[in-house]
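Since the structure comes first, as structure tokens, the remarks are kept for the end.
Since we're looking at a predicted model, the values are computed, not measured. All chains are named by letter (A, B, ...) in the order of the sequence lines, taking the proteins before the strands, and each is independently numbered beginning at 1.
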There are 4 protein chains.
Amino acid sequence: MEKKELIMSAALDVFAEKGYHNTKMEEIADVAGIGKGTLYGHFTNKQDLFDQTVFWFLDNYFISLEHNIIEDDSIYDTIYKFIINHIDILEKTKTSFLNVLTDFSNIKRSKEEIFEFHQEFLFNKVSRYSKIFIKAKERGELRNINTELAAHFLIGALKGISESVLVGEKIEDPAKIAEEITDLLCYGMVSN
Amino acid sequence: MEKKELIMSAALDVFAEKGYHNTKMEEIADVAGIGKGTLYGHFTNKQDLFDQTVFWFLDNYFISLEHNIIEDDSIYDTIYKFIINHIDILEKTKTSFLNVLTDFSNIKRSKEEIFEFHQEFLFNKVSRYSKIFIKAKERGELRNINTELAAHFLIGALKGISESVLVGEKIEDPAKIAEEITDLLCYGMVSN
Amino acid sequence: MEKKELIMSAALDVFAEKGYHNTKMEEIADVAGIGKGTLYGHFTNKQDLFDQTVFWFLDNYFISLEHNIIEDDSIYDTIYKFIINHIDILEKTKTSFLNVLTDFSNIKRSKEEIFEFHQEFLFNKVSRYSKIFIKAKERGELRNINTELAAHFLIGALKGISESVLVGEKIEDPAKIAEEITDLLCYGMVSN
Amino acid sequence: MEKKELIMSAALDVFAEKGYHNTKMEEIADVAGIGKGTLYGHFTNKQDLFDQTVFWFLDNYFISLEHNIIEDDSIYDTIYKFIINHIDILEKTKTSFLNVLTDFSNIKRSKEEIFEFHQEFLFNKVSRYSKIFIKAKERGELRNINTELAAHFLIGALKGISESVLVGEKIEDPAKIAEEITDLLCYGMVSN
DNA sequence: CATGAATGAGTGTTCATTCAT
DNA sequence: GATGAATGAACACTCATTCAT
């Protein structure tokens with residue numbers, strides 16, 4: 001792993017555990033096992049380190065999220081694998097990094113930057129999740145639903161899982177949760 | 001409005017716009033039109049002001065959320081009114097205060113406090129939303145679904161709406177959004 | 001007791017226990033059982049309250065110090081009674097207020113004020129103690145010693161007693177201490 | 001001189017001149033010619049800086065106090081040299097730091113800390129001064145006097161000298177003062 | 001290129017003092 | 001005159017960032 005990734009990996013851990021404002025550059029350096037000054041050779045400043053770390057994490061997250069999913073998978077299988085993969089990542093990163101993402105808007109930025117960031121980040125996030133629904137719709141599996149909305153449902157559920165983990169709960173049966181989410185998303189809640 | 005509410009109202013605006021760490025006590029005082037020192041006559045410290053403001057907002061939020069909803073409303077009508085009310089509150093508070101809530105865990109607290117808070121807050125939040133699904137289930141309107149999960153779906157959708165507003169989008173047609181959400185939650189996404 | 005003395009009495013207790021800078025005007029008011037604002041009806045400000053309290057205490061202290069001492073007393077008897085009276089006052093005020101006196105110079109004042117105060121206060125203090133030695137010298141009881149110096153010896157001894165009390169020690173045998181001090185001052189320490 | 005001593009030296013000057021509570025960390029930094037933040041690299045906080053400075057000063061003070069004193073010196077010579085050394089230190093430090101010492105108990109501490117400190121500090125101080133009397137007693141030079149009491153006499157006299165300096169007086173003739181103090185302590189004040 | 005000692009701008013909080021009641 | 005809610009100046013301390021080594 002190159003130095004820059006080493007730093008982002010350390011930063012990910014610390015940011016995720018403490019949030020942006022409670023994370024000290026020195027602690028990141030300590031966790032990375034390097035000197036404080038070295039951070040500034042790779043990143044302009046704290047905000048830059050945070051931003052790059054988040055996008056680096058997201059890239060990895062979305063790649064991992066699609067692990068094992070193949071083109072032909074039904075929407076059911078796709079979501080099911082999403083959940084399993086998500087829980088897997090949660091356990092690996094040992095933290096609910098997703099929670100940090102909300103921090104994004106709380107970093108001191110100008111209104112314009114916040115706006116721009118949200119545009120980019122939210123679009124990025126939602127569109128990534130929407131993708132699967134759009135594909136399924138194209139395959140004719142789905143009714144004419146609002147795919148973005150479905151993405152938000154899914155994100156809400158994943159957030160709920162993350163929060164449970166954050167509170168210290170152990171995910172005993174990922175398969176069951178995956179089934180419940182998929183079932184509810186697919187068939188709705190009303191009795192026939 | 002008594003002084004304490006005046007302060008919390010100002011705090012709500014500022015916290016929601018800037019997040020906990022970027023909010024200066026002085027600014028809250030300025031917005032409230034009072035002196036900085038006066039804040040400390042009503043709240044122990046910044047964190048206390050934040051905590052009380054959040055819970056005060058939540059209480060009002062949940063009361064407003066149930067506005068117009070009557071006992072006999074079907075689950076469809078209940079959710080529909082939820083959405084409408086939520087959008088209404090969003091516009092009134094002019095901020096997406098819900099986003100601040102995530103800040104909660106990011107304020108410097110001991111692990112134990114974070115844990116305790118999350119237990120209390122998340123349970124509070126989820127259970128409030130779950131309630132309507134539990135009731136509907138009791139009335140026989142729903143399949144044997146996981147009501148907490150449904151709550152997370154709904155929260156995800158509401159969060160999505162909030163984020164849109166945060167990004168500056170205007171909610172053109174609340175009714176349509178309400179219908180979409182309710183429809184998707186009720187009937188799922190698969191084509192029968 | 002008139003209001004002003006009531007206040008000074010309360011101030012004495014609090015200043016003596018906590019020192020000037022750790023004493024809050026509100027606490028003095030509380031102890032005096034009056035409102036905070038009332039203090040400012042009797043004293044210009046905190047410093048004025050402190051100054052007046054100190055001089056008021058000193059006046060009482062020096063009066064009490066000479067309790068029971070009569071014109072004809074020998075220097076031995078005079079010092080002996082001084083010690084006894086000093087210990088008595090210490091127990092009554094329950095604090096070693098003398099320690100506060102050193103605080104005088106530590107209050108924020110201009111160089112000139114500090115100078116002026118010290119001139120007045122130290123002169124006052126030392127001359128009061130010196131007086132007895134001067135009288136005794138006049139009566140021919142003493143050698144041609146430096147009376148101010150003798151006063152400092154005595155003050156040092158009294159300070160030592162006060163400190164013992166401050167540390168929590170109980171003065172078991174005032175008479176013995178009084179005898180030791182007087183003896184040492186009178187006859188010196190060398191073996192004839 | 002290493003950085004830490006440089007800081008304590010500056011702190012000594014400022015604390016001695018203004019007292020604990022009127023001394024700003026920034027001023028100490030200014031006097032030391034360093035940045036405010038640097039102080040915190042060497043000391044935990046203001047109180048820690050004060051405590052360490054006091055004990056550092058005391059160590060140096062007591063070493064200097066015994067300058068030139070040799071084992072065989074009579075009690076007279078020992079005290080004489082004490083006074084001369086004390087005046088010498090006073091002039092070198094240009095401040096009456098001894099006055100600061102009284103501040104010790106006035107810094108905000110818990111009752112327990114004050115107690116513990118006094119125990120340690122006073123014992124330290126008095127026992128250091130007592131030492132010379134104890135030794136002289138062992139050599140048979142002295143009557144069976146209370147050595148602690150003699151120490152308090154001496155401390156009182158030194159305090160008196162310090163106060164004179166504080167008030168701006170110049171010590172014209174240290175030798176004379178030393179003689180007077182020693183004489184009075186040795187032979188007492190009563191005429192044969 | 002790496003380091004970490006040094007920096008100083010920035011902010012939460014205290015408390016003497018004021019003044020409307 | 002008495003009150004105590006309101007005020008805001010003042011200060012200890014933090015931590016992102018720099019730069020000499």
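- Proximity note for Lys24(C) (side chain, C-beta onward) versus dT17(E), dT13(E), dC15(E): the nearest is dC15(E).
- The nearest whole Å value for the distance from the NZ atom in Lys3(D) to the P atom in dG4(E) is 16 Å.
- Under a 3.5 Å cut-off, the side chain of Thr53(C) and the backbone N or O of Leu49(C) do form a donor-acceptor pair.
- In this structure, Gly41(C) reaches neither bases nor backbone, as no heavy-atom distance under 4.0 Å exists between it and the strands shown.
- For the pair Gly33(D) and Lys46(C), both in contact range of DNA chain E, the more 5′-proximal nearest nucleotide belongs to Gly33(D).
- Annotation: side chain of Ile28(B) is not in contact with side chain of Lys36(B) (no heavy-atom distance under 4.5 Å).
- Aromatic ring pairs are classed by plane angle as parallel below 30°, tilted from 30° to 60° and perpendicular above 60°; the pair Tyr20(B) and Phe15(B) is parallel.
- If you check dA20(F) for Watson-Crick or wobble pairing at under 3.5 angstrom, you find it paired to dT3(E).
- Atom OH in Tyr20(D) sits roughly 13 Å away from atom P in dC11(F) (whole-Å rounding).
- Contact annotation: the side chain of Phe43(C) never approaches that of Asp51(C) to less than 4.5 Å [non-hydrogen atoms, C-beta and beyond].
- His42(D) has a side-chain polar atom (N or O) that falls below the 4.0 Å cut-off from OP1 or OP2 of dA6(E).
- When distances are taken from the side chain of Asn45(D) to each of dG12(E), dC13(F), dA2(E), the shortest belongs to dC13(F).
- For the pair Leu49(D) CG and dC11(F) P, the interatomic distance rounds to 16 Å; values are reported in whole Å.
- Across every strand in view, dG12(E) sits in a pair with dC11(F) that passes the Watson-Crick or G-U test at under 3.5 angstrom.
- For Lys36(B) and dT13(E), a side-chain-to-base donor-acceptor distance below 3.5 Å is present, hydrogens and geometry of angles not being considered.
- The NE2 atom of His21(B) sits 11 Å away from the P atom of dA16(F) (whole-angstrom rounding).
- Mapped onto DNA chain E by nearest heavy atom, Met25(C) and Thr23(B) fall at different nucleotides, with Thr23(B) at the one closer to the 5' end.
- For Gln47(B) and dT13(E), the CD to C1' distance is 14 Å, given to the nearest whole Å.
- If you take CG of Asp48(B) and P of dT14(E), they are 12 Å apart, rounded to a whole angstrom.
- Proximity of Thr38(A) to the phosphate of dT3(E): a side-chain N or O atom is located under 4.0 Å from OP1 or OP2.
- Under 3.5 Å, the side chains of Asp48(A) and Gln52(A) contain a donor-acceptor pair of N or O atoms.
- A cation-pi geometry, defined here as NZ or CZ lying under 6.0 Å from the six-membered ring centre and within 45° of its normal, does not hold between Lys46(C) and Tyr40(C).
- Of the listed nucleotides (dT7(E), dT3(E), dC11(F)), dT3(E) has the atom at the smallest distance from the side chain of Ile34(A).
- Contact annotation for Leu39(D): no contact, since no heavy-atom pair falls under 4.0 Å across all strands.
- Of the candidates dA16(F), dT14(E), dT7(F), the closest approach to any side-chain atom of Tyr40(A) belongs to dA16(F).
- Counting to the nearest Å, the C1' atom of dG4(E) and the CG atom of Asp30(A) are 11 Å from each other.
- Comparing Gly35(B) and Glu26(D), the nucleotide of DNA chain F nearest to each residue sits closer to the 5' end for Gly35(B).
- In this entry the distance linking CG of Leu6(D) with P of dA6(E) reads 10 Å, nearest Å.
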